[in-house]
Structures are given as C-alpha cells and as structure tokens.
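Structure first, then comments.
Worth saying up front: this structure is predicted, and the values here are computed from it rather than measured.
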Amino acid sequence: MRWSDSFIPTLRDAPGDATAASHQLLVRAGFIRQLHSGHYSLLPLGLRVHNKVADVVRAEMDAIGAQEFLLPAMHPGDLWRRSGRWSLMGSEMFRLRDRNDADVVLGMTHEEVFAALAAEMSSYRELPQTWYQIQTKFRDEPRPRSGLLRVREFMMKDSYSFDMDEAGLDVSFEAHREAYERIFKRLDLDVMAVQASSGAMGGDASVEFMVPSPAGEDDVARCARCGYRANIERARAAVPPIADPPCGEEPERFATPGIRTIDALASFEGGAPADRQLKTMVMILDNQLTLVILRGDHQLNLQKLADCSGATDVRAATESETVAQLGASPGSLGAVGVDGLPIYVDEALRGRTSMTTGANEDDWHLREVDVARDIIDPQWADLREVAEGEACIMCGRPLEIVRCIEAGHIFKLGRRYCEAMGVSVLDANGTAQTPIMGSYGIGIGRAMAAVAETHHDERGLIWPAAVAPFEIVITVLDPGDAQQSAVAATLYAELEQKTLACLLDDRPLRPGVKLADAELVGIPYRVTIGARGMANGNVELTERSTGTTELVRFDRRGLLKRLTAPEYQEPSTVHGNRIKSVVRQERRIAVHRKG
RNA sequence: CGGGAAGUGGCGCAGCCUGGUAGCGCACCUGCUUUGGGAGCAGGGGGUCGUGGGUUCAAAUCCCGCCUUCCCGACCA
C-alpha cells in the first residue's frame, strides 16, 4: 500500500474529549473515528489491526477444536423471553419492533441462539461441542467511555461449550483458559487470570483475564506473594480478630443528639470506635427493602450483595423510603429488633458483641449489641469490599489493588440455557440428559485498545508484530529522487511478494512529517531510504519499539537473493523475527542508537 | 440513574463576564524557496457559533427549554 493513496488521517492534536491513551492515539494515528457516543468507525488502519486480533483469536479457537459460526445480530424477542432474559436485561438491551409489531432485540450475547441450535443434537455421541463466532454485539451501555474500551456496538468472540457433565465442562473450560493465555500472549498483553463474579450472565466458576492499566474499569486484589488474585467483586481478605469486652444482657439505648455518621459517633462521648459499630445500609433489592449490616469502617461491595441475594436490581433506598419503613433517617438506623425485612450481615461481624448501632429513632443509638443475639434471622454473607493493604486470605501478606482492563471472561454457565431451549440428548443408557454449557468471551476492539493502552510511548503507538497494521513502513525521504524511488519500489515489491505487509511512504512531504507519522502509527519496522544512506549504498532499518537503527547495504542482487531464500517463503506468525533475520543477514555491521 | 464539565471551520483553542455581526494555531488550496525530525514567505478557500424560543435597534455573547458529547460513580467483552 502506498501511503500517498491511503486514507490515514493523522492529527497533531487529539480531540479534547479523549483522555485514555489508547483513545487519543487511535484517533490521532488515524485508526478510528467516533460516529456517536459508543460507536466508532474503524478506518483502514484500524480495521487491519482489528482483523489481525480477530485472526489470532480465531486461530487459537480453531486450535482447541472450536467451530466458527455466524449468527444473526437481530433476535426474536420471544427467544429472550424463553430464557428469562427479556425482563432480566432491562434497558441495557436494544429492543425494536418490526413492521408486524413483533419484538426484536439486538443481541448482547448469543447463549440463546446457540442453545437453540444445540437443540438439534439428540445423542451423547454428538457431544462435546464447542462453537464460536466473531460477531457484533449491542449493549446500550449507560456510559460508553474511553474510546474503544467501552462502547455500545462491538465485535466479540463468543464461544460456548456443550458437555454431557461437569467433568466434560471442566475439560472445555480448561481448554479455553489455555487458549486465552495463548491469545493474550500473542497479543503481547500481560494478563492476569483472576477469580470473578459472573454477573447477569449466570453461572459459577468465573475467570477474568485482566490487563493492568490505569484506563481500566475494574479493580483486582492481588497478592504478590502467593498469587491470589480476584476481582474486587469477589476478593476476600483476612480480618484481624477483635476481642470484644463482655456484653450487657440486652441492648442499651442512649441519646446521641445530632450524631449522624460513623465518624461522629466514634468521637462522641459514650460512642464507639468505627470497628465497634454496626453500619446499617438500607438497600432496595428487586423492589424489596433490605437491611445490610457491615462493620462501621467497612465498605459495601454492591456486586457481592447482588451475588449473594440473587437480585438483579440493587440500589440504595432513598431517604423517604427509609423513613417510611424504619421510622428513622439515615444516621440513626439499626437492625436490632427489626422483623419482617431481609437482613444481610457481613461475615466480618460473626461473633461480635458489645457493638454500637442506630436505634431506629433519630438521635438515639444502642450499645451492648450482640450481633447474633439481637438481629432477627440474619443472612450471613461476604459483603465488604477489600481495601489495599489488607491481609491476603491465603497467606496473610498485604494485598494490592490494581486497576485493570477486562480483556476476556470465561465461565461455567450450567444448564440454564439448555433447559430453557429444550436441549436434551440421550446418554449411553438411553436417558434424556441436559447438556451443560460454558461461555467464553473476548472483545476484539477492546483487546485492540488494551494493546494500544499498553504499547505506546510519547511518539505514538508501538504495535506488536502480530497485530500491526503493516509490518514494515518504507519511508522514502525524497520521493522526487529517482534512485530512492527505484530502490523503494524494488524493496516494496519484494517484501510484498514475501507476504510481509508493507506501507510505502512516498508522500512528497518533509522528512520530519513522514518520520513522525511512521512513529505515531506504530509500525514495528521502518526502512528509511534517503540520500545520506544511498550515497554509501545503504538504507536504514529502525525498530519502532527500541528506536535501534541498523544500516543495511542495499544491493539489488544481494537483496533479491535474500528475499527469495526458502526461509522467507513459509508463512510465519512471528513476522518480527523474520524481519530481524533478514536484517542480521543483510547487515554490514554499523549499529547505532538513535538520539 | 447520581455528581461534574463542555458544545465556535477537519483538529486544538480564544472571543462570552462588559451585546455592535467571528478570530488564532495546525491542517487544506496556489506560487516561489526549502528538503534527514512536524519548513519559510506571499496569496487563498472553508464556520446556520449544537438547537428552539425569549430579551434587544442589534445576540457567539444575556435569559429559558431541549439535544449532544466528555469525565467521576453504579453495570459489562
């Protein structure tokens, strides 16, 4: 491809509203443009990278025996009603009506459609199956952000395994885990596999592949020592035991005029330190008012609450809802003596006595509260959010909290969708069995953005060879010079013939502009052809990632001979290494660092 | 949905407070010079100032509504 014929609109300045590095650079380097919030156009360079990411994913899926499909993006509403997700998904699902007034949805994911296809299987002999597609998903995100990292329309590789039993699912799950490790390695993404919550998709074992990055949206608790790693939505930490003083026979009411916060009560005469207080949060879980009790100095993690309660809609109650049910305002609330409302109590409060909490009457609190004795019918659960520096539950070392991009997610789905879609096969005994599913996703555009996010410098992008839009850019400093043009044309033709994707920068621009563009776009290798080198029969080869430049003798016969050597004939996935080997052979010493 | 900010040529911004009919840098077009790190000079093209209404002799500027976009939170590949 000649740069002069290409549409590569590079910008000196990033749009003012782009903050994430990947967003700024992908726009500046001419890979993407926003159409509207959460919807991006992939320009030619962007599509090339996107396709290469998809190719890597496809290759590794094929390698574990997965079969590629292409399913519709538009689904009948009835299909989603059958699985129960029509109502579960709420406003995150795009819905429309066709001319016959039938409900249609834009697929957010494809469990339903694949399970519906799986209904054609009738014998255990047909299992296991692993099916996948690379397809556009639509999600009406409340808040699209950070360029390609979070959008409303995106390509996802989603795969689904169907097995006869849990043991089979374990095998499929492991195969995916390993495939994902290979995929991210090829993309040069430094992922951590972490324990995760499976959220609205349902299921149990759940592993996320996280790329540490400040542009991410998830927090992962990580133990540097023992390797414990979990999404903050699942992470647990050891709580140092607290020895409570002897507890009174019954809760004791005491006046706390004007005291409305944990801190205020901690410094109040006759109050209690935060770790001796019960924090009472009033939540609405699927329209059911619910009390959630944590230690005064602990934070609630909403996803944990959603997971343990099974609720899909979790929010804090409004003040008026709270007052109507409990008769007191936030700041004076408590669960003691409350009957008839669900009460969740955090595990960290097990065995605690002599605690202080609100009395459900403004300006009054209770002390001498024994959690187990005084709270009616508590449901114990892990609800609190782990904080930086707390002790790892596995080994006791301090945990660190790392911001991450979720690049992939695999989880065991169970039989829910197969049951809903009536998937059933006969086992060896002739008995009907419902297969068990696994679900595995990778966002293609998100992975691309994650690569950009972790592979750039102040000059621009630095693509790993596996996903670079081009493998080599030939920068002709003076395209008006006949010799330079001729050398470039020869080199270009030969490289292309060797299936190395090559971008020929033949634009009649000043050298600085072309060099800066080549670096902004981030092509791994640049061959620079200029008068200075040509005078000695050399061109230069520069590695984008290191800036290292080597002089390479340009000898037409020699070069052609090298390029037709057998080693260049066979396609390789590691083009970067091939290029390096070309250089090593061509090189006539003279290595210098770029200043 | 809660909180915060912003909409002025393709991109980045100024102008608004104190109304008088739009400007700067980059990019673009033409010419000359220049040519190994985002050139110089000269000339030129391009903007219903997000949108609807109101105030006024006069609105980018003041007032009200709406739309859009971005950032921080709650949700997800």
Side-chain angles (χ1 to χ4, degrees), chain A residues 9-20 23-24 27-28 30 33-38 57 89-92 108-109 134-159 180 196-201 208-211 216-218 231 233 283 300-303 305-306 312-316 318 405-411 439-450 459-460 475-481 484 508-520 528-535 540 542 549 594-595:
Chain A
T10 59
L11 300 171
R12 191 177 289 213
D13 299 304
D17 52 23
T19 51
H23 185 192
Q24 294 181 344
V27 172
R28 277 189 59 206
R33 285 294 185 266
Q34 182 178 41
L35 212 213
H36 61 143
S37 182
V57 172
M89 283 309 181
S91 51
E92 201 167 317
M108 310 172 62
T109 170
I134 295 175
Q135 229 274 19
T136 304
K137 309 296 183 200
F138 297 89
R139 296 183 188 176
D140 193 354
E141 291 287 342
R143 184 154 102 78
R145 72 188 108 178
S146 304
L148 253 32
L149 282 174
R150 175 167 221 80
V151 291
R152 302 201 299 176
E153 174 181 349
F154 59 98
M155 288 285 233
M156 180 165 97
K157 184 289 296 176
D158 50 324
S159 46
Y180 274 39
S197 159
S198 39
M201 302 299 168
E208 288 171 336
F209 292 83
M210 299 297 224
V211 181
E217 305 178 85
D218 284 89
N231 190 304
E233 296 170 349
M283 308 297 294
L300 172 65
N301 183 287
L302 287 178
Q303 188 62 45
L305 179 59
T312 54
D313 181 32
V314 174
R315 66 175 172 87
T318 63
I405 297 167
E406 182 189 349
H409 193 172
I410 61 178
F411 54 96
S439 172
Y440 319 90
I442 291 181
I444 305 298
R446 182 124 114 195
M448 170 177 164
R459 295 177 183 219
T475 301
V476 187
L477 294 182
D478 182 6
D481 179 277
Q484 288 182 36
L509 298 175
R510 299 182 64 78
V513 175
K514 292 195 281 191
L515 296 172
D517 270 350
E519 284 160 347
L520 176 61
T528 311
I529 299 176
R532 204 158 70 194
M534 291 308 300
E540 294 161 27
T542 304
T549 295
K594 238 183 99 173

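Under the side chain to side chain donor-acceptor pair (under 3.5 Å) criterion, A:Glu406 pairs with A:His409, sequence neighbours left out. Scored by the salt bridge (charged side-chain N to carboxylate O under 4.0 Å, His left out) test, A:Arg28 finds no partners at all (sequence neighbours excluded). Residues passing the salt bridge (charged side-chain N to carboxylate O under 4.0 Å, His left out) test with A:Glu153: none are found, sequence neighbours excluded. Evaluation of the side chain to side chain donor-acceptor pair (under 3.5 Å) rule for A:Arg152 yields A:His39, A:Asp140 as partners, not counting sequence neighbours. For the side-chain contact (heavy atoms from CB on, under 4.5 Å) test, residues two or more places apart in sequence or in another chain that qualify with A:Asp481 are A:Asp478, A:Gln483, A:Gln484. Listed by chain and residue number, A:Ser320, A:Glu321 satisfy the side chain to side chain donor-acceptor pair (under 3.5 Å) test with A:Thr318 (two or more places apart in sequence, or in another chain). Judged as a salt bridge (charged side-chain N to carboxylate O under 4.0 Å, His left out), and not counting sequence neighbours, A:Glu92 has no contacts. For A:Arg446, there are no side chain to side chain donor-acceptor pair (under 3.5 Å) partners two or more places apart in sequence or in a different chain. Contacts of A:Leu509 classified as side-chain contact (heavy atoms from CB on, under 4.5 Å), with partners at least two apart in sequence or in another chain: A:Arg507, A:Val513, A:Lys514.
B:A39 and B:A27 have their C1' atoms separated by 15 Å, with the value rounded to a whole Å. Using P as the reference atom, B:C57 and B:G73 are 50 Å apart when rounded to the nearest Å. Distance noted for atom P between B:A6 and B:C64: 15 Å (whole Å). Taking the C1' atom of each, B:C13 and B:A58 are spaced 27 Å apart, rounded to whole Å. The gap from the P atom of B:U48 to that of B:G9 amounts to 9 Å, rounded to the nearest Å. B:G7 and B:C49 have their C1' atoms separated by 10 Å, given to the nearest Å. Here the separation of B:C41 from B:G4, taken at their P atoms, is 47 Å to the nearest Å. Comparing the same atom, P, in B:G15 and in B:G23 gives a spacing of 16 Å after rounding to whole Å.
If you check B:A77, B:U69, B:G38 against the side chain of A:Gln34, the one that comes closest is B:U69. Considering only side-chain atoms of A:His36, the nucleotide from B:U69, B:U35, B:A74 that sits closest is B:U69. The side chain of A:Glu217 sits closest to B:C75 out of B:C71, B:U69, B:C75.
Computed from coordinates, the A:Asp140 CG to B:C1 P distance equals 11 Å when rounded to whole Å. The distance between atom CZ of A:Arg152 and atom P of B:C75, rounded to the nearest whole Å, is 19 Å. Regarding A:Leu148, its CG atom lies at a distance of 20 Å from the P atom of B:C76, rounded to whole Å.
In this entry B:C24 has B:G12 as its Watson-Crick or G-U wobble partner, both defining distances falling under 3.5 Å. In this structure, B:G50 forms a base pair with B:C66, meeting either the Watson-Crick or the G-U wobble geometry with both donor-acceptor distances under 3.5 Å.
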Exercise. Where along nucleotides 6-14 of chain B does protein come under 4.0 Å, by heavy atom, of base (B) or sugar-phosphate alone (S), with - for untouched nucleotides?
Worked result: -----SSS-
Provide a list of protein-nucleic acid N or O atom pairs under 3.5 angstrom, restricted to nucleotides 40-45 of chain B.
none

Between the protein and nucleotides 31-33 of chain B, which nitrogen or oxygen pairs are less than 3.5 angstrom apart?
none

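Looking at heavy-atom distances under 4.0 Å, A:Asp158 makes no contact with the nucleic acid at all. In this structure, A:Val211 reaches neither bases nor backbone, as no heavy-atom distance under 4.0 Å exists between it and the strands shown.
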